[in-house]
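The structure that follows is given in the form of structure tokens.
Every chain is numbered from 1, with letters handed out A, B, ... down the list of sequences. All values derive from a computational prediction rather than experimental measurement.
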Protein chains: 2
Amino acid sequence: MRITLERSLDAPSAPVYQQIATQIRREIETERLRFGTRLPPIRDLAQQLGVNRDTVAQAYEQLVEAGVVESTVGRGTFVASPRRGADLAQPMLSPLTERLLAFERTRPRFGSGQDAVSMHTLVPDPALYPADSFRKALNRVLVEGGADLLLYGGPQGSPRLRALLAERLGRAELHADADEIVLCHGASQGIALALRLFSEAGDAVALEDPTYNNALGAVLGLGLRPAPVPMRDAGLDLLALEQTLARPDVKALYTIPTFHNPMGTTTSLAHRRALLEIAERFGKPVIEDGYEMDLRFAGRALPPLAGLDTSGRVVHLFSFSKSLFPGARVGALTARGRCVEALLALKRATDLSDAMPLQAALAEFLVSGDYDRHLQRMRKVLRARCEALLEALEQEMPEGTRWTHPEGGYQVWVTLPAALDTSELLADAVAANVLFAPGSQFHHDGRASRCLRLTFAMADEAALRCGVVRLARVVRRRLKDADGGVAEVHV
Amino acid sequence: MRITLERSLDAPSAPVYQQIATQIRREIETERLRFGTRLPPIRDLAQQLGVNRDTVAQAYEQLVEAGVVESTVGRGTFVASPRRGADLAQPMLSPLTERLLAFERTRPRFGSGQDAVSMHTLVPDPALYPADSFRKALNRVLVEGGADLLLYGGPQGSPRLRALLAERLGRAELHADADEIVLCHGASQGIALALRLFSEAGDAVALEDPTYNNALGAVLGLGLRPAPVPMRDAGLDLLALEQTLARPDVKALYTIPTFHNPMGTTTSLAHRRALLEIAERFGKPVIEDGYEMDLRFAGRALPPLAGLDTSGRVVHLFSFSKSLFPGARVGALTARGRCVEALLALKRATDLSDAMPLQAALAEFLVSGDYDRHLQRMRKVLRARCEALLEALEQEMPEGTRWTHPEGGYQVWVTLPAALDTSELLADAVAANVLFAPGSQFHHDGRASRCLRLTFAMADEAALRCGVVRLARVVRRRLKDADGGVAEVHV
């Protein structure tokens, strides 16, 4: 029996016990290990592989659960009868899917306490959705469009909505024809489609570190390796970006220059120009996530990277999920030349077409002026919430705490004054009825972080103030414990 | 400069000219070929690679178009200045995406003649959609559900719709809990998600030959290799299936046992049992596409593979796209154990969640009895259309033509009496105002076929009769020409 353990610094591998279980299982399913064969004792295999005994024990347990081996105390672990194995065993998942499952398990689970202040989520507050006027728009387009709206829509999506978006993007200094826009099933599908344009399993993709956690999920799900580039307050570290894009295995850059997730920061015009110059120098395409671009409530709008680009190497992603609501599942990719044709081929191979009624209703909603009225209201609400949050942080948080000052969107990135692991802090916070997203969630390697993301998507001003008071209390307690701990060690 | 040409019998490769262009471009973009370097003369490179001169010329033309090389008559072809290259050149697409683009180009384009009889499409006739009662259901759920229906829905989809589907599937002898169902964005997304459970880029997947063309697209888009298993009238050739599933690189079987696409055939209970026994023997999972299961209009229903399976190795796919309309984009995967958890992880990494309003409206539509009433009507319409089509084929087609006799769904598979290439025949048919899908479209390698698929999805009885008269005329003419051609040669 040969077992190879993969331990990569670049890409999150499957947990070691999982790798062991999968490989033993393969041996059994291909009958290289036959019914009745005794597996090596845990102690021996652990020594041979240079891993902990618990790791091997965990792998054996999983195999017992799957019914492919049987374990008898005092006798050892044996390959189960194939009959029994076949009845109970589930088909083997691909190693890539196993890795994705392992990644999913690292997501924090939040209790659903009624009184908890939700500062962990980027889902916009349903109390602010113009649900009724959207319903009416939907009903109207279905009365007019009838059965034809219930056909397949084609991979590019509603021409009317694309024309309206082209006009809106143009006002935001991203000039594109309706033909250069491909609608997609939410921004998350847009990210996956754009990644697939340029990269395939085994390739690497440059990402901000930290970055949007679901982009990490998309990268992993496609079998790509994240090539992390550190974030500074001003945006991507450009020196590090240069080194990363120079790598031939890095096929593209995924970046969020405006209202960065999780940091809430926006890069300057000079930074944007420098980034494009580097991408151009190394011939690398850029995927620009503009998912919150319509939610600016302070400062002056800058052209997106895709608006500054003259070489057709930026694919831009827009979404209605944060500015309106996620339930329409409509995002929009803007691309040039062959990239458009390739996006259409990818979209067709992925799910043929999106739901026309929702795209038609959105177009109607835009034309009626309801979307712009909604944005005006949202910007006011968000500015007030953001101010309340920043003020509360100023008043409550322990000295040395730092945070970002967003000009739009929903999120603030907080750095604690001492090296507390905010994933551990989360348990205390949940107990104290306040929720945040720990920094580790946004790192490709899930490493411990003293940072956390606070959002003002769900919580209103009063809730935000209350949430920060609770959070500050939890942090102070931990800081004190940490001080105490250190003192004890030194005594 | 090193160029490697990939020519695989198993998988459709990118066209040779494309492979040459891509590789030269990579050399230029990584500056192994620098500004001003002269490319080898077309003649020399063609000889060196053992390809046609036209092929190399086509590759060079593409590079000129992309602006990465410049060509001067009499002087040769040179690497363009990087400045100029960067401004004009599009970013490089992944080889996988290039292959997908090449595949897309093999799809026949149908003219849109107003009078043409549409026997080429599987899109159900919008004249039969219960559009108005669906609109009312959608409006009702949005009035009741309000803004909450516009949130993300979670990767598994509406619990209410899943419970209703579990009950319906149970009546069709597929017993599953609502928790074992994962809703997806149409059957096409379902196919891709199910394939990703078990296989990843480089793996092979067993497929019927012929099979659903968009399943071929999904396979290709994921970087999988099709492992074709020939179809007989009774279903998959089981001996060939055995040999294919024995291959360690083949990770799963994708099959359509009921109302096969394109053949319209349904396998027997004995064939289903034998297929499952083989899959079990080799420990391979089965993806069962039951996309038309609700459209049986003759014969007795058989349990689906997933209903006969006792080992949890069948993932079943249901869809509303053919039985109702495609515009809701709702399909449903049924799976067991860890496969469910893995499907949820894949769905999350793909697009987070589907649109809740459409799922809620479908649930409402089912509860009201409207769906069952619609199915009753559809079955009557389809039975009448199918009879009209088969009768017309009997009366009109030249002797020796054979066709299948579907018990449900929309399609009949016709085998012509002589080895005419039906892709070539299609041009004549378009000119004669009748459309069909040529057999080559359903083969993994796009090879010529004397078969064609006729559908009664869009055309009513009168149209079908008229369409068959036109088709028969076109076929007879070609047969005569072929005879004439042969005669001339013999003279």
Problem set entry | chain A contact via R26(B) - which portion, at a heavy-atom distance below 4.5 Å | neither

For this session: Could you check which of G217(A), G283(A), A355(A) has the highest count of heavy-atom pairs closer than 4.5 Å to chain B?
Result: A355(A)

Problem set entry | S353(A) backbone acceptor or donor facing H185(B) side chain under 3.5 Å | yes

Problem set entry | Contacting moiety of L142(B), where chain A heavy atoms sit under 4.5 Å | both

Problem set entry | Among L344(A), D132(A), T350(A), residue most engaged with chain B (heavy-atom pairs, under 4.5 Å) | T350(A)

Exercise. If you round to the nearest 0.5 Å, how far is CG of L138(A) from CG of L138(B)?
Worked result: 4.5 Å

Exercise. Of the backbone (N, CA, C, O) and the side chain (C-beta and beyond), which part of D354(B) lies under 4.5 Å from a heavy atom of chain A, both, or neither?
Worked result: both

Problem set entry | Minimum side-chain heavy-atom gap S94(A)-K251(B) below 4.5 Å | no

For this session: Starting from the C-alpha separation in whole Å, work towards a yes-or-no answer on side chain to side chain contact (heavy atoms under 4.5 Å, CB included) for L151(B) and F325(A).
Result: CA-CA 7 Å; L151(B) 285 160; F325(A) 43 68; over 6 Å; no

Exercise. Are the side chain of R329(A) and the backbone N or O of D351(B) linked by a donor-acceptor pair below 3.5 Å?
Worked result: yes

Exercise. Out of A349(A), P326(A), G190(A), A127(A), which one racks up the most heavy-atom pairs below 4.5 Å with chain B?
Worked result: P326(A)

Problem set entry | Residue among K284(A), K136(A), R105(A), R281(A) with most heavy-atom pairs under 4.5 Å to chain B | R105(A)

Exercise. How long is the gap from CG on N139(A) to CG on N139(B), to the nearest 0.5 Å?
Worked result: 4.0 Å

Exercise. Chain A heavy atoms under 4.5 Å from N214(B): which part of the residue, side chain, backbone, both or neither?
Worked result: side chain

Seminar exercise, completed: Rounded to the nearest 0.5 Å, the OH atom of Y129(A) sits from the CG atom of L149(B) at a distance of 11.5 Å

For this session: Begin with the C-alpha distance, continue with both residues' side-chain angles, and end with the deciding distance and a verdict on side chain to side chain contact (heavy atoms under 4.5 Å, CB included) for M92(B) and R313(A).
Result: CA-CA 9 Å; M92(B) 204 162 53; R313(A) 69 178 63 256; over 6 Å; no

Exercise. With chain B, which of A147(A), A218(A), A131(A) has the greatest number of heavy-atom pairs at distances under 4.5 Å?
Worked result: A147(A)

Seminar exercise, completed: So, the part of P130(B) with a heavy atom under 4.5 Å from chain A: the answer is neither

Seminar exercise, completed: If you tally heavy-atom pairs under 4.5 Å between each of A246(A), A192(A), S199(A), G146(A) and chain B, the highest tally belongs to S199(A)

For this session: Using non-hydrogen atoms and a 4.5 Å limit, figure out which bit of P357(B) sits close to chain A: side chain, backbone, both or neither.
Result: side chain

For this session: Measure A201(B) against the heavy atoms of chain A and call it side chain, backbone, both or neither at under 4.5 Å.
Result: side chain

For this session: Please test R338(B) against L101(A) for side chain to side chain contact (heavy atoms under 4.5 Å, CB included), starting from the C-alpha separation and ending with a verdict.
Result: CA-CA 10 Å; R338(B) 292 187 74 225; L101(A) 270 174; 3.7 Å; yes

For this session: Kindly indicate, with the supporting measurements, whether the criterion side chain to side chain contact (heavy atoms under 4.5 Å, CB included) is fulfilled by C339(B) and L93(A).
Result: CA-CA 8 Å; C339(B) 287; L93(A) 301 177; 4.1 Å; yes

For this session: Measure across L197(A) and T97(B) and return the closest heavy-atom pair with its distance rounded to 0.1 Å.
Result: O-OG1, 3.8 Å

Problem set entry | Test item: R196(A) side-chain N/O and L96(B) main-chain N/O as donor-acceptor pair under 3.5 Å | no

Exercise. What part of E341(B) is in contact with chain A, defined as an atom under 4.5 angstrom from a non-hydrogen atom: side chain, backbone, both or neither?
Worked result: both

Exercise. Quick one: what part of V143(B) sits under 4.5 Å from any heavy atom of chain A, side chain, backbone, both or neither?
Worked result: both

Problem set entry | Partner set under salt bridge (charged side-chain N to carboxylate O under 4.0 Å, His left out) for E144(A), not counting sequence neighbours | none

Problem set entry | From CD (E200(A)) to CG (L100(B)), nearest 0.5 Å | 11.0 Å

Exercise. In terms of heavy-atom proximity below 4.5 Å to chain A, should L358(B) be classed as side chain, backbone, both, or neither?
Worked result: side chain

